[in-house]
Protein chains: 2
Amino acid sequence: MKRKVTLKQIAKELDVSIGTVSKALRNSKEISEDTREKIQAFAKLYNYKPNNIALSLKNRKTKTIGIIIPEIVHHFFSKVIMGIEKVANKRGYNVIVGLSNESFDKEVINMEMLANGSIDGFILSISKETLLQQDYHHFKETIAQGMPIVMFDRVVNEVNCDKVIVDDFQGSKNAVKKLIANGCRHIAIITTKDYVSVGRLRTQGYLEALEEHKFEPESGLILKIVEELDAEDHLEELEREIEYLFKDNPELDGIFAVNELYALTAMKVARRLNKNIPEDLQVIGFTDGVLSKHATPGLTTVSQHALQIGEKAAELLIDKLEGETEEESYQTVVLETELIERESTK
Amino acid sequence: MKRKVTLKQIAKELDVSIGTVSKALRNSKEISEDTREKIQAFAKLYNYKPNNIALSLKNRKTKTIGIIIPEIVHHFFSKVIMGIEKVANKRGYNVIVGLSNESFDKEVINMEMLANGSIDGFILSISKETLLQQDYHHFKETIAQGMPIVMFDRVVNEVNCDKVIVDDFQGSKNAVKKLIANGCRHIAIITTKDYVSVGRLRTQGYLEALEEHKFEPESGLILKIVEELDAEDHLEELEREIEYLFKDNPELDGIFAVNELYALTAMKVARRLNKNIPEDLQVIGFTDGVLSKHATPGLTTVSQHALQIGEKAAELLIDKLEGETEEESYQTVVLETELIERESTK
DNA sequence: TTTCAACACGAAAACGTTTGCGCAACCCCT
DNA sequence: AGGGGTTGCGCAAACGTTTTCGTGTTGAAA
């Protein structure tokens with residue numbers, strides 16, 4: 001087992017100094033062509049590659065981006081990672097991933113673990129627990145120590161940093177307007193509790209669309225799901241709540257759900273209640289994942305362009321990392337959503 | 001903006017040597033209680049945390065695991081990552097992710113980038129292109145340099161290392177036997193080309209099950225999909241091929257598909273052809289992802305326990321990293337699959 | 001008063017790089 | 001032959017740690 005070769009070993013073998021080897025390999029013209037070629041040949045033979053850790057220590061930068069997300073088994077988040085990885089790779093960066101599992105403590109611990117030299121900057125989406133507790137000191141301290149952060153999707157006004165979001169409000173509004181244009185008169189929304197910023201914004205979009213068309217918002221048509229735990233584990237409960245929604249509102253003919261799962265579950269319950277989609281009931285979801293695409297009927301949905309979110313976030317971060325200027329100016333990039341029409345609407 | 005504080009700064013501030021500070025913080029009894037307390041108080045005040053990079057350089061280990069996978073927007077792979085991250089975190093390791101995008105070159109580049117000191121070991125699943133070219137030199141060289149590798153799911157005999165796989169053969173066999181037990185007499189398989197090891201094994205399981213029941217395998221019932229590109233982008237082509245399968249085999253009453261997408265598409269085509277599931281046609285897929293769970297009808301599927309795969313792989317790797325013994329003994333852990341029955345079978 | 005252990009701390013090496021600077025050796029010109 | 005400019009290379013510092021070893025001071029025992 002031949003361990004990785006270092007400058008020192010090459011130097012000893014060729015009877016020159018370490019510095020000479022380094023310069024020769026970096027094609028410094030301080031070194032004669034003779035020795036340069038000799039050293040380069042030797043290095044190639046032994047497949048020399050500089051040690052990243054040593055370089056990181058010397059340069060005080062790791063060329064690595066830290067990503068902290070609430071969960072990874074999730075189409076949206078994994079697609080964002082894919083976008084980040086894509087531009088990070090292109091620009092010579094690696095990507096290190098930490099999962100918060102929607103927990104405040106894990107978010108803090110993960111960030112502390114990475115903030116001590118392992119990475120140059122963060123790209124993250126805030127955990128639900130953090131949003132609920134509204135404790136953002138770990139973000140602020142990280143930024144204060146000179147480590148840039150780019151937030152995406154679940155962002156928060158209290159923290160001053162670059163952000164990449166989609167226009168949740170407008171996207172939702174457009175979706176609901178689409179339902180209205182398609183003839184729906186009794187439209188419900190299935191959303192989350194308000195502390196999740198995106199849930200709140202989407203609910204506002206829904207209300208605004210109704211208002212614009214002089215529809216009276218009814219509290220009975222607004223279903224806010226508590227998400228104490230992973231929704232996947234509480235499907236029956238979700239189904240029951242949606243069933244009540246249908247039973248309480250027999251005239252219901254349109255549903256806007258703030259995520260795929262809610263939308264799919266709504267369709268499932270509707271089918272059980274012998275409602276035809278899209279004839280009796282039209283459904284629109286949010287987030288264009290695999291579920292929407294392969295559901296039957298295909299789910300009309302508001303696409304968030306997760307890939308672009310990741311790409312943009314990575315670009316913002318790397319630009320900041322490599323920019324000379326120390327100026328503190330932060331931008332919030334808002335990406336437009338897109339309504340992808342499938343069979344769940346007319 | 002107060003940058004991170006170092007030992008040197010503390011030392012200067014308190015007018016002691018760097019070594020003293022280090023020892024005091026590590027509670028060495030070489031240092032008097034007085035100075036120890038003084039230094040610890042000061043360190044706490046300035047929130048001193050040792051620099052990971054410097055530690056990595058000194059200790060020659062990074063406490064970081066490199067993961068290379070073909071894609072991340074994929075229920076199976078992201079769930080494996082989740083499993084890896086879980087035990088990695090518990091044991092004090094971080095996780096750095098590289099994507100090969102099923103490309104040989106990207107796989108090589110990613111590995112080279114990480115192998116130069118950034119990580120202590122790899123957990124990976126081989127890209128399709130690599131499997132096709134059967135060029136495994138990058139794995140072998142990495143191992144030869146003393147960096148351990150654990151492979152999962154897509155593994156290969158030619159490389160000597162720890163492996164974690166599911167019993168694809170047995171899982172498939174059981175699935176097909178289930179179809180037979182349920183009364184199917186004309187069972188097709190939708191699989192990949194043979195160079196994908198898991199595809200080949202699953203096909204073998206299918207054949208074995210038929211043979212055990214004295215069914216004559218028919219080549220017309222074996223549909224091998226070419227996967228030059230991402231299947232998601234070639235859905236229509238996939239649908240067409242499956243449609244031919246149905247048309248050519250009117251008596252078809254059972255389908256075993258080696259992944260979720262093939263199974264779902266088969267169901268979709270069947271529905272279009274007015275076949276009822278599970279009355280006229282029973283379908284079983286492989287990989288228990290979100291699609292199977294939320295499809296209509298729910299897809300009976302062979303679960304791979306992705307989470308456990310990740311956990312086991314991480315345990316194997318970290319055990320090897322922290323084991324004193326230099327012994328070269330590799331194990332292949334085979335996890336059992338599980339048939340999850342839903343509505344697509346009787 | 002001398003001797004010696006215990007104590008408390010500093011110096012320095014090491015991990016693997018890069019790079020500014022110093023310094024010989026050589027050549028050329030006067 | 002002496003001065004000045006090039007050429008080619010080595011030295012050493014620096015990044016932030018940890019740890020071994022050395023050393024000066026103290027106090028007590030002889």
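All of these numbers come straight from a predicted model, not from anything done at the bench. Lettering follows sequence order; numbering is per chain, from 1.
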Mapping B:V16 and B:L57 onto DNA chain C by nearest heavy atom, which one lands closer to the 5' end?
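Final value for this comparison: B:V16.
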
Report the residue (A:T20 or B:N59) whose heavy-atom-nearest nucleotide on DNA chain C is the more 5′ of the two.
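Closer to the 5' end of DNA chain C: B:N59.
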
So, is [X] close to the [N] phosphate, meaning a side-chain N or O under 4.0 Å from OP1 or OP2?
X: A:S17; N: D:dC11; result: no
X: A:S32; N: D:dC9; result: yes
X: A:R60; N: D:dG16; result: yes
X: A:R36; N: D:dG8; result: no
X: B:K8; N: D:dC15; result: yes

Identify which nucleotide among [options] has an atom closest to any side-chain atom of [X], counting heavy atoms from C-beta outward.
X: A:A54; options: C:dC9, C:dG16, D:dG16; result: C:dG16
X: A:E30; options: D:dC9, D:dT18, C:dT18; result: D:dC9
X: B:K58; options: C:dC9, D:dG16, C:dC21; result: D:dG16
X: A:K23; options: D:dG16, C:dT18, C:dG20; result: C:dG20
X: A:N51; options: C:dT19, C:dT17, D:dT17; result: C:dT17
X: A:T35; options: C:dT18, D:dG16, D:dC9; result: D:dC9
X: B:S22; options: C:dT17, D:dG16, D:dT18; result: D:dT18

So which one's nearest nucleotide on DNA chain D is more toward 5', A:E33 or B:G19?
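Its nearest nucleotide being more 5', the pick is A:E33.
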
Spacing of [X] atom [atom1] relative to [N] atom [atom2], expressed in whole Å:
X: A:I18; N: C:dC15; atom1: CD1; atom2: C1'; value: 11 Å
X: B:K29; N: D:dT19; atom1: NZ; atom2: C1'; value: 14 Å
X: A:L7; N: C:dA14; atom1: CG; atom2: P; value: 16 Å
X: A:L14; N: D:dG10; atom1: CG; atom2: C1'; value: 15 Å
X: A:N52; N: D:dC15; atom1: CG; atom2: C1'; value: 15 Å
X: B:I31; N: D:dT25; atom1: CD1; atom2: P; value: 18 Å
X: B:K63; N: D:dT17; atom1: NZ; atom2: C1'; value: 16 Å
X: B:D15; N: C:dA8; atom1: CG; atom2: C1'; value: 15 Å

Decide whether [X] and [Y] meet the rule of one side-chain donor and one side-chain acceptor closer than 3.5 Å.
X: B:E107; Y: B:T130; value: yes
X: A:T62; Y: A:D120; value: yes
X: B:N47; Y: A:E141; value: no
X: B:N52; Y: A:S118; value: yes
X: B:K4; Y: A:N116; value: yes
X: B:S100; Y: B:S103; value: no

Mind checking if A:L55 touches a base, just sugar-phosphate, or nothing, with heavy atoms under 4.0 Å?
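Touches sugar-phosphate only.
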
Mind checking B:T6 for me? I need base, sugar-phosphate or nothing, with any heavy atom below 4.0 Å counting as a touch.
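Sugar-phosphate only.
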
